[in-house]
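Residue numbering restarts at 1 for every chain, and letters A, B, ... go by the order of the sequence lines. For clarity, every value in this text was computed on a predicted model and none was experimentally measured.
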Amino acid sequence: MEVSLEIMEEILSMKGITKVYPNGVMANKNVDFSVRKGEIHAIMGENGAGKSTLMKILFGMEQPEEGEIIFKGEKINISSPSAAINYGIGMVHQHFMLVPSLTVAENLVIGIEPKKNNVFFDYDQAIKMTEEVSKKYNLSINPKAVVDTLAVGKKQKIEILKALVRGAEILILDEPTAVLTPQETKELFEELINLKNQGFTIIFISHKLKEVKQITDRLTILRNGRSMGVHETKDTSEQEISNLMVGRDVLLKVDKGEAKVGKPVLKTEKLTYYSDEDKPVVNKVDLEIKKGQILGIAGVEGNGQGELVDLLTGMKTPYSGSIWINEKDTTNHSVKAVRNLKVSHIPEDRMIYGVSGDGSIEENIISDRFDKKKYNTGVLMNVKKLTELAKSLIEDYNIRCASEKQQVRMLSGGNIQKVVVAREFSSEPELIIANQPTRGVDVGSTEFIRKQLVKLRDEGTAVLLVSADLNEVMELSDSLMVMYEGEIVAYFEDATEVTEMELGMYMLGLKRMSVEELGGVMSG
Amino acid sequence: MGSLFNLIFSTTFGYSVLRVTTPILFATIGAMISIKAGVVNISMEGTMLTAALTAVVISGYTGSALAGLIGAILIGMLLGLMLAYFALNLKTNIILAAIAINLMASGGTIFALFVISGDRGISSSINSQMLPRIIIPVLDSIPVLGGIFSNHNILTYVSLISVFFVYVLLYKTPLGLRIRAVGENPNAAESVGINVRKVQYIALIMSGAFAGFGGAYMSMGYVSRFSTDMTAGRGFIALAAEALGMGRPLGILLASLLFGAADALSNSLQRFRIPSEFVQMLPYIVTILGLIIYAVRQTNASKRHKAEDRV
Ligand SMILES: Nc1ncnc2c1ncn2[C@@H]1O[C@H](COP(=O)(O)OP(=O)(O)OP(=O)(O)O)[C@@H](O)[C@H]1O
Ligand SMILES: [Mg+2]
């Protein structure tokens, strides 16, 4: 490989950064970090290691207690995001920073609105700008769509476009792939490589070792707020990386014995749901999960998996068809009624449906059971017992926090996910509906969550697993289904029988099983 | 009841609806701007009252109604600024800070009036000015319409134009886009370099300015003096009108007109032999009913949505 001098130039460096949050958490301790112009640089580390914090400092959203930032050879002070933007630093946040009721174009230009006659907001021009950048960087999006109605993959694109349209040269992407499907990730990577070749510098946070190996030039590892040094990606093995991050070898392979299945727990018949545009997004879905079985649903995101989960958990009411949980018709049940049948749900969007950000960890953990007899004495809640519960779950699930009273909003992304998982796994469920359970979770904790899921299955819980991570569904599922455009297009009684390639064909709609093939296995 | 019918469908009633809607509309517009920016201003009542007194005092001493109006607007903006300072810089709860302003205005205006003029409760010794009425040329000569729409106080027209103004402001200017973004997701706004606090300051000052217009109208248009608690809850009704109008310009205009109509009706009904206490309750009852109907419709709408999903 040729190493030109220009590539070696350090465009930006952070020296001796220390950050202490007001609640006393020391998120960064004397961290050195630097990037070269035109490289893709990964930041890796466990949940709560301080990756987002370091990047928020670089983007002017947090001020460090100590340390300095040097940009193009000059010491600078980044006091606010607008200062960062002026230096050409753009950031795509781990949790999206979009205004839901506004359109894509409006979101793209807030803060740099084009004007008509020097006074008015020029919406047509905003649309044109959106079309231009999206064409230039090949990130297609409908400028007039209201953000609220878009899937996560699209929202991500808006965030990247937002940074580009503001003239960012250094792009910070905080776990961009956590919410993307393999196809979207591939697309994103092509994009990033493209940007890199045009001279953009990219800082990339991810928990996925493979991705980091694939597209980054160098990587910096953080552990407990400290830097574990900078490494050339090509000289560092996945094993070494995870060792530096966690301090031990991590096996993402889960040992899984034979499933001991029992009676059916969840059954649906011709379940159908229409979108607002009158398209069937869930189309005559028949499925069955038995006690002690993990049924995986693979599929490119946006093929009805999300809606299917919403129907099963009572968040949406089906248009036709029926749902049975433990032989009870729950077709029209409310969320609460479904949950009362011992159903757990790990929702796809943790910030909206998973937690209340303003609440404490404890409040979030007890939110599904504070009203249960077990936790009440007379009309009062047994606060002591609830606190003990929260404390023990924090311990079991290794949730990094100051105390159980800490606001969930202040946790790192992966730790927020762990709060949700802890609550949902610990309620002795008979059915778990897990939508992307390990999204944004570090390797160590991913391993833990997967093991827990298998353990629950061995104890007789039925599991519906929806994941955009093909490895995850293939690894964990006993049986596997593929959803394409709202329909079940493939079913494998034994998940080990199918290859990734084959699954991909079904997922992209290139292949589908006949009704007999599907019906044959499913009624069995 | 025939006479009641005649009353409601008379030109004079139409005229008086517009007349009494004006202060409610100003306050509603102000409330709406603050709510859109995520900093609800519930001190509209006290701000209007303070502005009403200011208008009387300044116009009385200068002999100029325009000076009175400008004074009222400035004091409104000042109170908006004060609320913003308390809530955004000193981080007091914005509701509590606004309640403090309301209480201060209620007692403070009486006190200030006494200190300035020696009047108790009513500014009878101040020779305050009135804002002019305007006869609209062609419209004035059209039968019914002229009777309803012409010959109003200038601020009545300003209030109607203001509805259009906020529409343009909120939906057609960069500032409006920022106000809406800040109100809905301040983090997002901040992350693109918008100064959230500044936008909220601007919104609160503007809402104060509209309360200033409302106050000036009360004491230099609606009547020609200041009297104790003369705003009589209009600043609070405005908050109801904002909700009922679903925070949209046309919606708040219609909601304000509804409350204005109730107010006008209660004024007219005092001619009949109904205990005046009951009649005076009318605007407030309508406010409550309006909010109930609004809430019920909201719930039904979401139910209907569900039902439609199933058909
Ligand atoms: N606003 C805040 N107030 C207080 N503590 C915070 C705040 N934000 C983060 N923390 C704490 O700082 C530490 C580092 O958090 P940070 O978000 O930087 O982690 P991260 O490396 O990005 O983790 P993840 O992979 O889970 O996103 C965590 O212990 C977290 O609880
Ligand atoms: Mg993070």
Does [atom1] belonging to [X] count more than 12 external heavy atoms closer than 6.0 Å?
X        : atom1 : result
B:Phe164 : CZ    : no
B:Tyr167 : OH    : no
B:Phe86  : CZ    : no
A:Tyr353 : OH    : no
B:Ile154 : CD1   : no

Next on the checklist: So which atom in A:Pro81 and which in B:Gly193 form the shortest heavy-atom distance, rounded to 0.1 Å?
Outcome noted: CB-N, 4.2 Å

Checklist entry - So, for B:Leu177 and A:Phe121, which heavy atoms are closest and what is the spacing to 0.1 Å? => result CD2-CZ, 3.9 Å

Next on the checklist: Below 4.5 Å, heavy-atom pairs only: which of A:Lys116, A:Glu106, A:His93, A:Glu113 has the largest tally toward chain B?
Outcome noted: A:Glu113

Would you give the length of the straight line joining atom [atom1] of [X] to atom [atom2] of [Y], rounded to the nearest 0.5 angstrom?
X        : Y        : atom1 : atom2 : answer
A:Phe120 : B:Leu175 : CZ    : CG    : 12.5 Å
B:Asn185 : A:Phe96  : CG    : CZ    : 12.5 Å
B:Ile194 : A:Ile112 : CD1   : CD1   : 10.0 Å

Checklist outcome for this item: Cut-off 4.5 Å, heavy atoms of chain B, and the answer for A:Phe59 is side chain

Checklist entry - Which answer fits A:Ser80, side chain, backbone, both or neither, if we ask what part of it has an atom under 4.5 Å from a heavy atom of chain B? => result neither

Checklist entry - Do B:Ser191 and A:Met91 touch side chain to side chain, with heavy atoms closer than 4.5 Å? => result no

Checklist entry - Between A:Val99, A:Ile110, A:Leu102, which is the residue that forms a side chain to side chain contact (heavy atoms under 4.5 Å, CB included) with B:Arg180? => result A:Leu102

